Amino acid sequence: MEELLERLLEECRPYTAQGKLADYIPELAKGDISDLGIYVVRSDGKHYHAGSYKKNFTIQSVVKPILLLLTLMDNGVDYVRSKIGVEATGKPFDAINVTDQRLLSDHLNPMVNMGAIAMCTLVKGADYQERFHRLLELTRLLAGNPEIEVDEAVYLSEKRTGHKNRALAFLLKSSGMIEDDVEQVLDCYFRACSIKVSCKDLANIGYVLANRGKMPQTDQRIFPSQYAHYVNAILMTCGMYDGSGDFAVKVGVPAKSGVGGGIMAIVPTRMGIGIFSPALDSKGNSLAGIQVLERLSHKMYLSIF
């Protein structure tokens, strides 16, 4: 398996030179565009890895399925569904013009920025500091890594330059979709995106979703299987931004990308996969990372279709 992973990384490494770092977040522009790593956790308990799998990077939008999971654990499916829609927007992840009509909950999607900002208000806690801490603790638990922390430099960079996300949050506020103080909500969101992880962390989180809420080895249940079904279904249709349809055809597994270069892929009942390559395509997805997943899917018949 590791020989296969090494070979796939070498085949796909040239794609890193064709991508672009997310330089609209100044701190992310400091990344190494040549990085490419993968980590796989299988249902038989075996772990495999190759490339820059030890390197830490910020989770960015890969936090959205974890945030969705926490809102489900706090509120249940029916309440979350009444506040946040599930349909793909067909637009970029940071799009403002999601609709020409009055903004409604059905127009939101948990895997794009506007929906994720709204989800921050659904997490339970006395204040937004407690809400973020609960999200961080869930991330640590799912990853099996109590040392996961926030990358303060990226957090401050995002907070200083995140003007479009502010526009999205104020649009939500003006439409009555959120009631809380916009800056407090955004601070929670910026911190969430700045959580620092590795390929192994993403693979472990992906495995718990693949295992329908049970931890590896111990089979300890962390959340009901119906929540994994809900999250995985949305990742299948919306997890790779407005490239989700193409990804479904070519790779065929639930996955979530982030502009930090991470991809978390879920192969139900079989494995969790974490990938890191910060060179992005025009949609904000890891260019080489998708190529690796496409080849791995074909070699191992991973597609759920």
Side-chain angles (χ1 to χ4, degrees), residues 58-89 91-99 101-142 150 154-156 158-195 223-224 226-227 230-231 233-235 238-239 241 256 258-259:
T58 49
I59 196 167
Q60 299 298 328
S61 284
V62 188
V63 80
K64 288 169 181 169
I66 308 171
L67 182 57
L68 174 58
L69 185 57
L70 183 56
T71 64
L72 290 168
M73 293 166 71
D74 280 355
N75 303 282
V77 169
D78 291 343
Y79 185 79
V80 172
R81 182 66 185 82
S82 73
K83 297 293 184 180
I84 309 287
V86 297
E87 301 300 335
T89 67
K91 297 180 182 294
F93 62 90
D94 59 351
I96 289 179
N97 58 330
V98 294
T99 176
Q101 304 168 353
R102 186 171 71 89
L103 190 64
L104 302 172
S105 61
D106 280 348
H107 298 140
L108 303 181
N109 182 284
M111 296 303 126
V112 297
N113 291 13
M114 187 178 284
I117 291 168
M119 278 196 297
C120 290
T121 69
L122 302 183
V123 175
K124 293 184 176 179
D127 52 32
Y128 276 91
Q129 184 175 357
E130 182 180 341
R131 295 180 197 209
F132 170 72
H133 184 71
R134 293 187 61 236
L135 177 64
L136 180 62
E137 284 300 315
L138 179 59
T139 305
R140 289 168 171 167
L141 176 63
L142 297 174
V150 169
V154 173
Y155 156 65
L156 293 173
E158 293 209 36
K159 189 170 184 176
R160 186 173 61 251
T161 61
H163 306 307
K164 196 164 188 181
N165 283 321
R166 282 189 174 83
L168 294 172
F170 278 110
L171 178 58
L172 287 166
K173 180 88 168 178
S174 67
S175 301
M177 308 291 286
I178 63 174
E179 298 179 359
D180 297 341
D181 178 78
V182 166
E183 288 300 329
Q184 290 185 28
V185 177
L186 283 171
D187 188 74
C188 179
Y189 178 69
F190 291 143
R191 286 186 185 276
C193 292
S194 303
I195 292 172
F223 52 86
Q226 70 175 124
Y227 295 169
Y230 193 98
V231 172
I234 292 176
L235 291 183
C238 313
Y241 303 135
K256 185 71 196 85
V259 297

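All values derive from a computational prediction rather than experimental measurement.
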Counting only heavy atoms from other residues, nucleotides and ligands, does the tally under 6.0 Å from CD of E130 exceed 12? yes
Quick one: pull up CG in D127 and CG in D181 and give me the separation to the nearest 0.5 Å. 12.5 Å
Under the salt bridge (Lys or Arg N to Asp or Glu O under 4.0 Å) rule, collect the residues that match up with E183, sequence neighbours excluded. R166
Quick one: closest heavy-atom pair of C188 and C120, and the distance? SG-SG, 4.1 Å
Atom pair CD1/CG of I84 and N109 - distance to nearest 0.5 Å: 9.0 Å
Taking every non-hydrogen atom, the tightest pair across A169 and I117: CB-CG2, 4.1 Å
What is the distance from atom CE of M111 to atom CD1 of I234, rounded to the nearest 0.5 Å? 5.5 Å
Atom CE of M73 and atom OG1 of T71: how far apart are they, to the nearest 0.5 Å? 10.0 Å
Closest approach of A118 to L172 (non-hydrogen atoms, all atoms of both residues): N-CD1, 4.1 Å
Can you name the residues that form a side-chain hydrogen bond (donor to acceptor under 3.5 Å, both in side chains) with Y155, not counting sequence neighbours? K159, D187, R191
Heavy-atom donor-acceptor pair, K173 side chain to E179 backbone, under 3.5 Å: yes
The criterion is side-chain hydrogen bond (donor to acceptor under 3.5 Å, both in side chains); which residues satisfy it with Q184, sequence neighbours excluded? none
What residues form a side chain to side chain contact (heavy atoms under 4.5 Å, CB included) with A116, not counting sequence neighbours? K64, L67, M119, Y189
Reported CD1-to-NZ distance for the pair I66 and K256, which is rounded to 0.5 angstrom: 11.0 Å
Partners meeting side-chain hydrogen bond (donor to acceptor under 3.5 Å, both in side chains) with Q226 (sequence neighbours left out): none
Could you check whether any side-chain heavy atom of L70 comes within less than 4.5 Å of a side-chain heavy atom of F223, counting everything from C-beta outward? no
Are T58 and V150 close enough that some pair of their side-chain heavy atoms sits under 4.5 Å apart? no
Here the salt bridge (charged side-chain N to carboxylate O under 4.0 Å, His left out) pairs for residues 71-87, sequence neighbours left out, are D74-R134, R81-D106
Criterion side-chain contact (heavy atoms from CB on, under 4.5 Å) on I195 and F132, from CA distance to verdict: CA-CA 10 Å; I195 292 172; F132 170 72; 4.0 Å; yes
At their closest point, which heavy atom of Y79 faces which heavy atom of L122, and how far apart are they? CE2-CD2, 4.1 Å
Y230 and V77: which non-hydrogen atoms are nearest, and at how many Å? CE1-CG1, 3.6 Å
Sequence neighbours left out, what passes side-chain hydrogen bond (donor to acceptor under 3.5 Å, both in side chains) with Y128? Give chain and number order. R131, D180
Rounded to the nearest 0.5 angstrom, the CG-SG distance for N113 and C193 is 7.0 Å
